[in-house]
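Please read these numbers as outputs of a predicted model, since none were measured by experiment. In the text below, chain A, chain B and the rest are named by the order of the sequence lines, each starting its count at 1. We use all heavy atoms of the structure for the numbers below, so side chains are in, but hydrogens, waters and symmetry mates are not.
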Amino acid sequence: MIDAKRILVTSALPYANGPLHIGHLAGAYLSADVYVRFQRMMGKDIVWVCGSDENGAAITIKAIKEETSPREIVDKFHELFQEAFQGMNISFDYYHRTSDELHHETSQEFFRKLYENGKFEERTSEQYYDPKANQFLADRYIKGTCPKCDHPSAYGDQCENCGSALSPTDLINPSSTLTGETPVMKETTHWYLPLNEDEEWLREWIVDGKLDGKEHHEPKDWKNHVVGQCKSWLDGGLHPRAMTRDLDWGVDVPQEIKGAEGKKLYVWMDAPIGYISSTKAWAAENGKDWKDYWQSDDTALLHFIGKDNIVFHCIIFPAILKAHGDYVLPTNVPANQFMNLEGDKISTSRNWAIWVNDYLKDMPGKVDELRYFMVKAMPEQKDSEFTWAGFQDAVNNELVNNLANFLNRVVVLTNKYYEGVVPEFDENQMIFGPSGDDETSFYDNEYLRLFDDLSATAQFIRDFDFRGALNKIMEISSKGNQILQFNEPWKMIKEDEENVKAVMNLCVQYCAAISSMLRPFLPTAAERLSQLLNFDQNFESGEFVEMMDKMAMGDSIIEPGHKINEASHLFSRIDDEVIAEQKAKLVKTEAPAVVASTPIKNNIVFDDFTKIDFRTATILEAVKVPKANKLLQLTLDLGFEKRTVVSGIAQQYKPEDVIGKQVTLVANLAPRKIRGVESQGMILMAENSEGQLSFVSPADGWEAGNVVS
RNA sequence: GGCGUGGUAGCUCAGCUGGUUAGAGCGCAGCAUUCAUAAUGCUGAGGUCGGCAGUUCAAGCCUGCCUCACGCUACCA
C-alpha cells in the first residue's frame, strides 16, 4: 500500500438528522483532513470523498415530529454540514449526498449486480406490521419498553436512554409510532447477504492482511482496537444480514426485481456506496475516471470513521464489495474512538455537545485553535476528553507562548538586524544547537537535525499518529526557542556579527519548515506564516517533497537575500471570560422527557382476561442464573405446589432481598426454557419511567396460592 | 456472563520485538534572561507503571486471577 499509485480516502457520511458536533470532527473528518492535506503536499494522487447520508426512517420520524417533509430535513442539515465543514477548513475533494439521483442509480446498480450474480438469499420472515397504517414497520417506527433499562420509549433499533442496540422483537409492549397500534407479526421477504460464508476470507484478510492468498496490507498497521473488534465479531460468528428493508424514505430496490415493491435498500447497501457515488460525481466534474480509484489494484482505499462504524467498514462493506467482485478493499480503516466533553459522553439528545456551527459563530477566527486542540486530544487509541480549560491552556501555552512566539522572535530579529533580509552566513560558524548541553555544533548539523525532525513528523502522519506528528512540530518550535536562547543573538550581535548571521539564518529555515509542516494541521495559520516569510507556496501538489529534497542536498529552504515581511502575531490569547462563557453554554438538559407514556394497548374482551390465571405466591429461594446479568431463578411457593420461575430483575434486586416477598404469578403461562432453566410462569412487576421495579403483591399476610382476578 | 480495547506523575498523554537510575507537555517551586503577546531557557519536587500471584538472570511491557472505564454481544415470558 505504501507504493500504491493512488489513494482514495473516505470519511463517514454524517447522518442528516442532527447538526455536527466536535465528536464527529474528532472521529472521521479532522484526522482525514490532516492526512489528505499531507499527502497532497507529498504530491500523491489522492482523492477524498464524503457526503450527507440522507436516507432512512429516523429522518422520516423527525419530519413527522417537526411537521415537515423528509426533503426539508435533509436539505437543512446538508446545508448545515457544508457550512460546518467549510468553516472548519475540511478540504473534501467532493461532498455529495445520498438523496442525489446519481447515488440512487449507483446503489441500485450495485444491488442489481449482486442480485444477478446470485449473491443474495431470499428469505421470508415475520416482521412487525401496522395493520392500521397498512405497512411494515421499520425498526425506528416501533417504540416500546427497553428490555435493558426499562425506558418506556425505546426505538426498535436502539434505546436512546441506555444506548443499547435492539431489535424490534426485543421491545416490551411494542407500539407503532405511526398509529399507536400494537403491531402484528406478518410475513415479508427480503434479500440477505450470507455473511456467514465470508468468515474465512475476512479473517485471513483482517488478521494476516492477505486477500485471495496475496499480500493486501500490513495487518500491524491497523489499530489494535480495530482488529480486536473485528476478531471479536468473527469469533462470534457472522450471520446472514438483510440488505433491504421495508421503508418509505430511501433508495428503491430495483423495481424489475420480483417482490421489490415497497422495499428500500438497507443503510449498508446505501450509505457506504455513497462513497462510490461521491467519487463518480467528483470524477465527472474533474475529467477523471472513477474506476481508477475503486477498481484498480494499485489504489489504496482508506476509511476514516469513528469506532461505532468499525464492524460495518471492516466486515460488512468489504463483504459487499467482494461480493460485487470488481472493487478494491480498504487497506486500512484508521477508526478513532470517542471524544468526551468535560467528563461526560457527548450526547445530542441531552444537548451535551459543542456544536460546530455554534463554535464557528461564537469564536470567529479561531478555527485553527480548535483544530489544534482537537488533534492534540484526538481519540486515536482510546477515548479522550475535550475540556475548555484544556483548550485554553493549549492555545495560550503552546500556540501563543511557544509557537507564535518563536516565529515572532525570528521575524522581529531578522527585521531589526538585517532589515528583513535573510543573511548570508559562514557555514563553519560554531553555534549552539538545541541539545541542551554545552556542545557547539556546525550549522550543517543543526540543519540536518531539522530535516530529520520533519521526516519524523511526516512518518507520524503516514502512520495515522496525528497527535505524535503535532507533538513533533511543537518540538521543532521548542528547539527553535532553545537555539535562540542558547546563542543569545541579542548579546552576540555586539560581539560577533558573523555568528549571529548563522544563527538567524538557521532560525529562518526553522520558520519556513514549520510553515510547511503546519499546513495539514493549521492551514490558515500556516498560510499567514508563509506570507510573513514572504514564502508563499501552495503546498498542494508535491511542494513538500521538493523542499525536503532541497534540504537533503544542504540547500536553504529560504535563500540568503530573500526579504521577509514585518512581524505580526499569529495567534492571540484566549481570555478566561471567553472560556467561562463557553462553559456556561454547556448545560445538561435532561434527556427530553419522552413523556409518551406507554400507550394503552388494544381492547380485549373479558374472556381474554379470564384466560389468564393469576395466583399469589411467596418467594422461597432466589439465586442468580449463571452467565446471565439480569436473571434471577426464583422458587415460588403457591401453597399447593412449588414452581421455578426465571425473572429479569437481577439488576434491581439481590437474591437475598427478594426471599420472602409475596408476588403475583401468571400461573398458566406456557413454560419456557431460559438460559437452560425452565421457567414455569412469570411474576408481575410494576415499573416507573426510570426503570425502577416494584413487586405487584397482595396485601401483607396473605397466604400463597390464592386466586387473583 | 462472553469478547474486544484501555487503566503509566495533580492534569493530558509517550513508552519500539521484556534489559541498566520509567519519559514529555501543562500545573507547582527555585534560578537565569529580555529579541519576543509578562513570552523564553535551565534546575528541582511529584509515580510500589489499576491490584494480587506467577514465568524469567531481568517485566510497565509475557501468563493467570481480580478490579475499574469504554465498546460489542447474550439472557428479560
Contact state string [nucleotides 62-71 of chain B, B base, S sugar-phosphate only, - no protein heavy atom under 4.0 Å]: --------SS
Which of these nucleotides, U33(B), A36(B), C42(B), is closest to any side-chain atom of W490(A)? U33(B)
Answer yes if the side chains of Q485(A) and R409(A) hold a donor-acceptor pair under 3.5 Å, and no otherwise. yes
Do N336(A) and K223(A) pair up side chain to side chain, a donor and an acceptor below 3.5 Å, judged on atom types alone? yes
Round to the nearest Å and state the distance from L484(A) atom CG to C35(B) atom P. 12 Å
Answer whether the closest heavy-atom distance between the side chains of W388(A) and F373(A) falls below 4.5 Å. no
E498(A) side chain to F425(A) main-chain N or O, any donor-acceptor pair under 3.5 Å? no
Mind telling me if G46(B) is syn or anti? Syn here is a glycosidic angle within 90° of 0. syn
Spacing of E380(A) atom CD relative to U5(B) atom P, expressed in whole Å: 18 Å
For nucleotides G60(B) and U43(B), find the distance between their C1' atoms and express it as a whole number of Å. 27 Å
Modelled atom types, side-chain donor and acceptor of D465(A) and Q459(A), under 3.5 Å: no
Sub-4.0 Å heavy-atom contacts from residues 409-423 of chain A onto RNA chain B, ordered by number: R409(A), V412(A), L413(A), K416(A)
Between G6(B) (P) and K223(A) (NZ): distance, integer Å: 12 Å
To the nearest angstrom, the CG-P distance between L399(A) and U40(B) comes to 12 Å
For C62(B) and G4(B), measure between their P atoms and round to the nearest Å. 14 Å
For V645(A), does its backbone N or O pair with a side-chain atom of S679(A) as donor and acceptor, under 3.5 Å? no
Closest to side chain of H225(A), choosing from U5(B), C26(B), G41(B): U5(B)
Counting side-chain heavy atoms from CB outward, which of C42(B), U37(B), U33(B) is closest to Q482(A)? C42(B)
So, with a heavy-atom separation below 4.0 Å from RNA chain B, the residues of residues 467-479 of chain A are R467(A)
Would you classify N224(A) as touching base, sugar-phosphate or nothing, given that sugar-phosphate means primed atoms plus P, OP1 and OP2, and contacts are heavy atoms under 4.0 Å? sugar-phosphate
Any side-chain N or O of N397(A) below 4.0 angstrom from OP1/OP2 of G25(B)? no
What integer number of Å spans the C1' atoms of C3(B) and U56(B)? 30 Å
I'd like to know if the side chain of R528(A) pairs up with that of S568(A) as donor and acceptor (distance under 3.5 Å, no hydrogens or angles considered). yes
Considering only NZ, NE, NH1 and NH2 on the basic side and carboxylate oxygens on the acidic side, decide whether K307(A) and D383(A) come within less than 4.0 Å. yes
Here the distance between atom P of U12(B) and atom CZ of F373(A), to the nearest Å, is 10 Å
Where do R573(A) and V400(A) come nearest, in terms of heavy atoms and distance? N-CG2, 3.9 Å
What integer distance in Å separates N481(A):CG from A24(B):P? 18 Å
Pairing residues for K479(A) by the salt bridge (charged side-chain N to carboxylate O under 4.0 Å, His left out) criterion, not counting sequence neighbours: D453(A), E475(A)
RNA chain B: S572(A) or V311(A), which has the more 5' nearest nucleotide? S572(A)
Of all the nucleotides listed (U5(B), U37(B), G7(B)), which has the minimum atom distance to the side chain of R573(A)? U37(B)
Stem finding on RNA chain B, please: runs of three or more consecutive Watson-Crick or G-U wobble pairs, both distances under 3.5 Å, sorted by first number. B:1-7 with B:67-73, B:10-13 with B:23-26, B:28-32 with B:40-44, B:50-54 with B:62-66
Looking only at N and O atoms, is any donor in the side chain of Q485(A) or the base of U40(B) less than 3.5 Å from an acceptor on the other one? yes
Between S384(A) and N340(A), do the side chains contain a donor N or O and an acceptor N or O under 3.5 Å apart? no
Taking G23(B) as the reference, what is the distance to C16(B) when you measure between their C1' atoms (whole Å, please)? 14 Å
Are T387(A) and D393(A) close enough that some pair of their side-chain heavy atoms sits under 4.5 Å apart? no
Between E497(A) and Y417(A): side-chain donor-acceptor atoms closer than 3.5 Å: no
Side-chain contact check for W233(A): nearest option of U73(B), C13(B), C26(B) is U73(B)
Taking the side chain of F486(A) as its heavy atoms from C-beta onward, which of U33(B), G41(B), U5(B) lies nearest to it? G41(B)
Expressed as a whole number of Å, how far does the P atom of G50(B) sit from that of G10(B)? 13 Å
Suppose you measure atom P in G15(B) against the same atom in C75(B); what distance do you get, rounded to whole Å? 39 Å
Applying side chain to side chain donor-acceptor pair (under 3.5 Å) between Q337(A) and each of E380(A), H225(A), K382(A), report the one that passes. H225(A)
U12(B) C1' sits how many Å from F386(A) CZ, rounded? 13 Å
List the residues meeting ring-ring contact (aromatic ring centres under 6.0 Å, His included) with Y418(A), not counting sequence neighbours, and say none if there are none. none
Using the P atom as the reference point in each nucleotide, state the distance between G19(B) and G1(B) in Å, no decimals. 35 Å
Describe the nucleic acid contact of F406(A) in one word from base, sugar-phosphate, nothing, applying a heavy-atom distance below 4.0 Å. nothing
With a 4.0 Å cut-off, would you call K583(A) and D576(A) a salt bridge? no
Establish, with yes or no, whether the OP1 or OP2 oxygen of A14(B) is under 4.0 angstrom from a side-chain nitrogen or oxygen of K382(A). yes
Does L570(A) reach a base, just sugar-phosphate, or nothing at all? Heavy atoms under 4.0 Å. base
Of the listed U40(B), C13(B), U33(B), the closest approach to the S384(A) side chain comes from C13(B)
Salt-bridge criterion met for D368(A) and K366(A) (N-O under 4.0 Å): no
Reading RNA chain B from 5' onward, which residue's closest nucleotide shows up sooner: S647(A) or Q381(A)? Q381(A)
For A22(B) and G47(B), measure between their P atoms and round to the nearest Å. 12 Å
Atom CD1 of I493(A) and atom P of A36(B): how far apart are they, to the nearest Å? 14 Å
Base, sugar-phosphate alone, or nothing: which one does A404(A) contact when heavy atoms must sit under 4.0 Å apart? base
